[in-house]
A.B. asks: 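Would you mind keeping the following structure in view while I ask a few things?
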Amino acid sequence: MKCTIFTAVVVAASFGLAMSASAQYQNNSKYSSYGYQPQEAPADEIQEVSPSDVPMQPKTNDEPSSVMAEQHAPMQPSALYQAPAGSSHASSSGCASSSGSAGYGGGCDSGHCGVGGGGLVRGSDRNVVFGLRGLVFERDYEDDRGLASNSLGQSLFSTDNEIDTLGGFETFIGVRNCSGIGWEFSYFGLFADRTDVTFSGAPLYTNLRGLGDLDLIGSDVAATFDTSDNYRIYRFNEIHNAEFNLLHNAGCAPTFRCGSMNVEWLAGIRWFKFSEDYRITANNFLTTYPAQTLYDLEVENNLVGVQLGARAERCLRNRLSLSLGAKFGVYNNDIYTRQSITDGNGTFATAAVGPYAGSDYALSSTKDEVATLGELDLGLNWQFAECWRANVGYRVIGVSGVALAPEQIPYNFADFDNTNRIRSNGDLLLHGAYFGVEKAF
């Protein structure tokens, strides 16, 4: 009986020592911005244990000769950025990673092997991240330009047909190696349906000067506008953006505890296209004038240049992180403009007087202009599954040195030289929300 009690006490003591060692290992673990990280005990705290210090238990026929304990770390919150090169924590593949393959049962890292649009990684020599997002944006428009007035004292302005939202999508792919160096390619497009506004209240009075010096099928264009039953103004915008960037992980921000925030630099080339169509239609029901008189304006801005930028991401709690990005570039803007006045059947108005008498009012011009583009991005990321995360955010894009369609309306239509000059000092401001998912391969 005493022997049995003594044996039980020894077994309990051995179990307590094992549990104490496990607790000590857990207490030496921490959460960093890269994920769950085990910390090694300092060398001066490691104690050697001789075989004589370990209680020996009698072996029975039912017990295996040895027992191997295996620990499985639970899936931890992703810091969404790769640990910088030289980190003391590395995955079994050699990648500078925060959590190795322990973060995912499927071998995916819960940290980032790279920074930026993606960040979910595998514990391998590199990671590839693919993302897809939906965009809901708005834009700020040009200063009001008065187009017409009516008998009720109301006025028609160029901004009366603003487009409420610009919907689109964004996709990207990023590749990074173990040292946090890589590249990414991204594209987004914003597409909008045509909007139109009707302005009535005859008699109407146009604010467009110089139309009296233009002739359309034997009629004074100014008289055609002034005797119209109504005006309709249309607007259509389209925006495309593609960029290729080289990436470099800059490590932890010095003002934060390493692991709280990670930064990535980028440098690359960018193409940004903004096109806008604008139309003013005068509908006239008097048989002595054309039934429709169309004044069409088209502009196309193609920006190509270089940009620099940075991204930072900070783990908040659980699987949630906050990201912030900024880009700025200088570009050559290749601008094309066209404007014309027709009767809707392809017949152009012509100059009735002056040095261009008899010439069609069908003008086009090109110009190269220096433009700048800046972008700010604030996002929230949630890692909801192995190698998957969702994100939502808000983005602002500002472009200067662009041509806007309504700003090409001349103050004197009879002066073809002035009319054909491109006004490229406009500004374009886009802002809105995005939402999507990312997948690491």
Side-chain angles (χ1 to χ4, degrees), residues 80-82 112 114-119 126-137 139 166-177 180-191 237-250 263-275 300-313 323-335 368-379 381 391 393-402 427-441:
L80 315 175
Y81 282 94
Q82 174 194 0
H112 271 272
V115 183
R126 67 172 185 172
N127 85 85
V128 179
V129 180
F130 174 78
L132 183 63
R133 295 172 180 154
L135 307 176
V136 182
F137 275 51
R139 63 158 287 200
L166 299 166
F169 74 94
E170 177 179 35
T171 185
F172 64 86
I173 183 170
V175 178
R176 297 170 179 84
N177 61 22
I181 297 175
W183 59 267
E184 68 176 5
F185 174 80
S186 65
Y187 165 83
F188 77 77
L190 296 172
F191 314 95
N237 289 170
E238 191 169 350
I239 295 168
H240 300 275
N241 180 92
E243 50 191 289
F244 178 85
N245 295 306
L246 299 177
L247 310 173
H248 186 272
N249 193 299
V263 178
E264 179 181 64
W265 300 109
L266 64 87
I269 58 175
R270 184 169 189 164
W271 167 70
F272 182 87
K273 177 182 178 180
F274 166 66
S275 59
E300 184 175 298
N301 299 266
N302 281 283
L303 284 70
V304 178
V306 296
Q307 67 177 358
L308 298 174
R311 302 187 183 103
E313 194 162 331
S323 59
L324 176 66
K327 301 175 187 175
F328 180 80
V330 179
Y331 304 83
N332 177 72
N333 185 9
D334 182 17
I335 307 172
D368 287 315
E369 184 67 82
V370 175
T372 59
L373 186 152
E375 178 179 323
L376 292 175
D377 192 305
L378 179 65
N381 308 287
N391 43 54
Y394 194 82
R395 185 178 303 165
V396 178
I397 300 174
V399 190
S400 66
V402 295
D427 298 318
L428 176 66
L429 181 63
L430 301 169
H431 54 98
Y434 63 84
F435 52 89
V437 294
E438 301 170 7
K439 174 70 169 68
F441 298 91

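Counting from 1, the numbers follow the sequence of the chain as shown.
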A.B. asks: Decide side chain to side chain contact (heavy atoms under 4.5 Å, CB included) for N391 and R133; before the verdict, give the C-alpha distance in whole Å, the side-chain angles of both, and the deciding distance to 0.1 Å.
C.D. replies: CA-CA 9 Å; N391 43 54; R133 295 172 180 154; 3.3 Å; yes
A.B. asks: Once you round to the nearest 0.5 Å, how far does CD of E264 lie from CD1 of I181?
C.D. replies: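 Result: 10.5 Å between the selected atoms.
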A.B. asks: Before you tell me yes or no, could you show the steps for F272 and Q307 under side chain to side chain contact (heavy atoms under 4.5 Å, CB included), namely the whole-Å CA-CA distance, both residues' side-chain angles and the distance that decides it to 0.1 Å?
C.D. replies: CA-CA 12 Å; F272 182 87; Q307 67 177 358; over 6 Å; no
A.B. asks: Give a yes or no on whether W265 atom CH2 has more than 12 heavy-atom contacts from other residues, nucleotides or ligands under 6.0 Å away.
C.D. replies: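 Counting neighbours around CH2 of W265, 12 or fewer heavy atoms of other residues, nucleotides or ligands fall under 6.0 Å, so no.
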A.B. asks: Taking all heavy atoms of F172 and all of S186, pick out the closest pair and write down the distance.
C.D. replies: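 Scanning both residues, the minimum pair turns out to be CB-CB, 3.6 Å.
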A.B. asks: Enter the distance from K273:NZ to N302:CG here, rounded to the nearest 0.5 Å.
C.D. replies: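 Taking NZ in K273 and CG in N302, the distance rounds to 6.0 Å.
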A.B. asks: Is a side-chain donor or acceptor of T372 paired with a backbone partner of G329 at a separation under 3.5 angstrom?
C.D. replies: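 Such a contact is absent between T372 side chain and G329 backbone.
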A.B. asks: Looking at side-chain heavy atoms only, is the closest gap between E369 and Y331 below 4.5 Å?
C.D. replies: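 No; the side chains remain at least 4.5 Å from each other.
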A.B. asks: Cut-off 3.5 Å, side chains only: do N241 and E170 have a donor facing an acceptor?
C.D. replies: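 No, because no side-chain N or O of N241 sits under 3.5 Å from a partner of the opposite role on E170.
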A.B. asks: Nearest 0.5 angstrom please: L428 CG to R139 CZ, how far?
C.D. replies: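 Between atom CG of L428 and atom CZ of R139 there are 5.5 Å.
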A.B. asks: If I take atom NZ from residue K327 and atom CG from residue L308, how far apart are they, to the nearest 0.5 angstrom?
C.D. replies: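 Answer for the NZ-CG pair, K327 versus L308, is 11.5 Å.
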A.B. asks: Report the residue from L166, V396, V399, L135 that forms a side-chain contact (heavy atoms from CB on, under 4.5 Å) with L430.
C.D. replies: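 So the option named by the test is L166.
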A.B. asks: Give the minimum heavy-atom separation between A371 and N333, together with the two atoms involved.
C.D. replies: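 Shortest heavy-atom contact: CB-CB, 4.0 Å.
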A.B. asks: Which heavy atom of A310 sits nearest to which heavy atom of L266, and what is that distance?
C.D. replies: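 Scanning both residues completely, I find the closest heavy atoms to be N-CG, 4.3 Å.
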A.B. asks: For the CZ atom of F185 and the CG atom of N245, what is their distance to the nearest 0.5 Å?
C.D. replies: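 Spacing of CZ (F185) from CG (N245) equals 10.5 Å.
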A.B. asks: Just do the side chain to side chain contact (heavy atoms under 4.5 Å, CB included) check on N332 and V304 with the steps written out, would you?
C.D. replies: CA-CA 6 Å; N332 177 72; V304 178; 5.7 Å; no
A.B. asks: Can W271 and F244 be said to form a side chain to side chain contact (heavy atoms under 4.5 Å, CB included), step by step?
C.D. replies: CA-CA 9 Å; W271 167 70; F244 178 85; over 6 Å; no
A.B. asks: What heavy-atom pair brings T171 and G131 nearest, and what distance separates the two atoms?
C.D. replies: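 Taking T171 first and G131 second, the nearest heavy atoms are OG1-O, 3.1 Å.
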A.B. asks: Can you give me the closest heavy-atom contact between G398 and L429, atom names plus distance?
C.D. replies: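 For G398 and L429, the tightest heavy-atom pair comes out as CA-CD1, 4.1 Å.
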A.B. asks: Can you tell me how far apart NE2 (H240) and CZ (F188) are? Round to the nearest 0.5 Å.
C.D. replies: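 Answer for the NE2-CZ pair, H240 versus F188, is 10.5 Å.
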A.B. asks: What's the shortest heavy-atom distance between L378 and Y434, and which atoms?
C.D. replies: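 The pair with the smallest heavy-atom distance is O-OH, 3.7 Å.
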A.B. asks: Tell me, do D377 and R311 make a side-chain contact under 4.5 Å, heavy atoms counted?
C.D. replies: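 No - every pair of side-chain heavy atoms lies 4.5 Å or more apart.
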